[in-house]
Amino acid sequence: MRRNLRHVAAPATNRAKARTRTFSPPVRGWIRNENLAASQRAGAHVLDNFFPMSTGIRLRGGSRKHATISTGAVSSLWAYKSGTAELLFASDTTGIFDITSVVDPDTIPEAVVAGQTAGYYATVQMGTVGGNYLYAVNGSDDALLFDGATWTAINAVSSPAIEGVATSRLSFVWVFASRLFFVEKGTMRVWYLPVDAIGGTAGSFSLDGIFQDGGELLFGGSWSLDSGDGLDDKCVFVSSTGEVAIYEGTNPANAATWSRVGVYDITPPMGFNATLKAGGDLIIATEDGMVPVSQAIQKDAAALSLSAVSRAIEPEWKAEVGARRSRPWDVLKWPSNNMALVALPVINATTQANCFVVNLETGAWSRYTGWDTQCVALFNGIGHFGTSDGRIMQMEVGGQDDGLPYTAVYVGLFDHLKTPGAVKTVHSARTVLTVDSDVRPRVSISANYAVKLPAPPNSTDDYVTDTWDSGLWDQATWDVGVSLETNIKWASIGKTGFAVAPQLQITSGVTPTPHVNLVSMDLLYETGSVMV
């Protein structure tokens with residue numbers, strides 16, 4: 001008897017089937033405090049030289065040399081502003097330099113203040129009926145007063161003068177309740193001047209009986225329950241060991257108008273310039289992260305790391321604290337870029353040149369590599385940083401780092417693609433970018449929680465743009481703005497694993513500032529069986 005034979009298909013569950021998965025850009029930023037196997041979406045395992053935004057991530061701009069003041073490290077940077085005039089100053093261990101406008105960025109200018117013995121300054125600007133003044137103190141030399149044209153060493157016989165304390169002992173200065181307050185270096189003593197005064201007899205009070213953990217008074221500032229400068233403002237004093245005393249009132253000499261609110265604990269601060277004002281709150285860079293004073297008054301010091309602004313990158317933060325604790329850190333707030341930058345000083349030849357960057361709106365973090373940020377300042381709306389070899393660099397300018405290319409790296413959080421334990425083979429991946437010029441992205445995949453990046457791609461060929469000071473005269477079209485186009489590219493992958501992470505590398509080595517934004521990444525993959 002003849003039988004009819006026919007092929008019976010395998011059950012659908014046993015057949016490989018091509019699937020796709022879309023990865024949203026890491027708007028949550030760089031995430032280092034989540035379990036690898038249980039990470040949430042829209043984060044990055046690595047995020048170098050990309051800036052996280054609420055809509056995606058953008059390739060950062062480059063850095064351009066603005067000036068050179070030394071063959072050693074730049075100690076401090078600060079700006080002075082009066083009306084429409086704005087000046088930029090930098091210091092090393094022996095002098096202060098006016099670098100507002102330099103003829104040659106490679107030539108060291110003459111110091112406007114010479115013969116100094118320390119270079120790390122605290123500065124503050126104060127307006128009075130006589131004009132706008134800037135005080136600079138370093139705890140070693142006489143305090144310096146700048147009136148917009150001249151630097152004057154302030155002491156008991158200068159004009160103006162400060163009497164009652166040797167100004168060479170003053171290491172920090174700030175303004176509260178229209179008074180100048182100073183910290184006396186190596187002590188727990190605070191000095192203050194009369195209201196709206198830049199000189200006079202200084203009054204003082206001590207925090208020796210308030211702080212119990214030793215150390216010295218490091219810095220002070222203001223803290224408020226609202227975002228303005230009002231009656232609820234409070235004066236904050238912070239010690240080197242992390243004790244915080246909060247006072248309210250207007251006149252420290254009058255007990256009726258000056259009282260202690262409380263004393264609280266944080267971990268030791270990373271430097272007296274490592275603070276950030278966010279609305280009325282004061283955020284302090286500590287060994288445990290960026291801690292708001294508003295949280296310090298509510299929680300025990302042991303629990304503050306859970307409320308730190310830098311909570312997402314806590315392991316990386318603590319690693320950098322261990323590596324760079326010997327020098328003070330700086331923090332820059334850059335409102336027009338919606339950015340804050342934490343300068344990580346280069347300690348020696350083996351220390352990597354990196355800095356932390358955070359989106360002020362979303363709190364998402366990333367890391368900029370290749371930036372040797374000893375100190376930072378905002379001048380004419382542009383961020384600047386001083387380096388360990390005496391240069392002052394502009395931030396987010398052009399598409400090169402002082403003439404050299406740089407590579408941005410995004411590694412997504414590892415994903416099981418909805419089938420934990422099963423083997424997945426990623427065949428290809430697609431990037432969707434918005435760009436203003438040609439770009440050469442390199443797309444790859446890492447598997448099984450081990451990050452392995454291929455060699456970085458080359459930069460696209462250099463080009464010019466129709467922007468002022470970049471476009472060619474009589475060829476470029478002015479006032480056209482930046483026009484972005486969608487760039488979609490597929491790449492062959494061929495990577496297998498039970499958990500995968502998408503990766504994107506882009507190298508910039510062009511003259512103009514690049515405009516490259518990641519919209520999404522798509523994976524085309526097949527799922528196999530569970531490996532045992």
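No experiment lies behind these values; they were computed from the predicted model shown.
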Under a 3.5 Å cutoff, is there a donor and acceptor pairing between the side chains of [X] and [Y]?
| X | Y | answer |
| --- | --- | --- |
| Y120 | D330 | yes |
| E287 | T267 | no |
| T507 | T407 | yes |
| S222 | D233 | no |
| D288 | S305 | no |
| D196 | T128 | no |
| E396 | Y368 | yes |
| R189 | S204 | yes |
| N354 | W371 | no |
| S483 | D436 | no |
| D141 | T117 | yes |
| N348 | T350 | yes |
| S75 | D92 | no |
| R32 | H45 | yes |
| S168 | D142 | no |

State whether the side chain of [X] and the backbone N or O of [Y] hold a donor-acceptor pair below 3.5 Å, judged by distance alone.
| X | Y | result |
| --- | --- | --- |
| S76 | Y121 | yes |
| W329 | N273 | no |
| S91 | G95 | no |
| Y463 | P512 | no |

Task: Over 12 non-hydrogen atoms of neighbours within 6.0 angstrom of CG in D389 - done: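 Check passes, neighbour count above 12.
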Open item on the list: Tell me whether K81 at atom NZ has more than 12 heavy atoms from other residues, nucleotides or ligands lying less than 6.0 Å away.
Closed with: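 Not more than 12 within 6.0 Å, no.
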Open item on the list: D401 vs S63, test: side-chain hydrogen bond (donor to acceptor under 3.5 Å, both in side chains). Steps then yes/no.
Closed with: CA-CA 5 Å; D401 278 343; S63 58; 2.9 Å; yes
TODO: Quickly, which of F146, F182, W151 forms a ring-ring contact (aromatic ring centres under 6.0 Å, His included) with Y135? Name it, please.
DONE: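 That would be F182.
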Open item on the list: Quick check: F181 with F172 (ring centres under 6.0 Å apart)?
Closed with: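 So the answer is no for these two rings.
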Task: M395 to I382 - nearest heavy-atom pair and separation - done: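 In this case the closest contact between M395 and I382 is O-CG2, 3.9 Å.
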TODO: Determine the sole option in I283, D281, V238 for which the side chain to side chain contact (heavy atoms under 4.5 Å, CB included) test with V293 is passed.
DONE: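 Only one of I283, D281, V238 forms a side chain to side chain contact (heavy atoms under 4.5 Å, CB included) with V293, namely D281.
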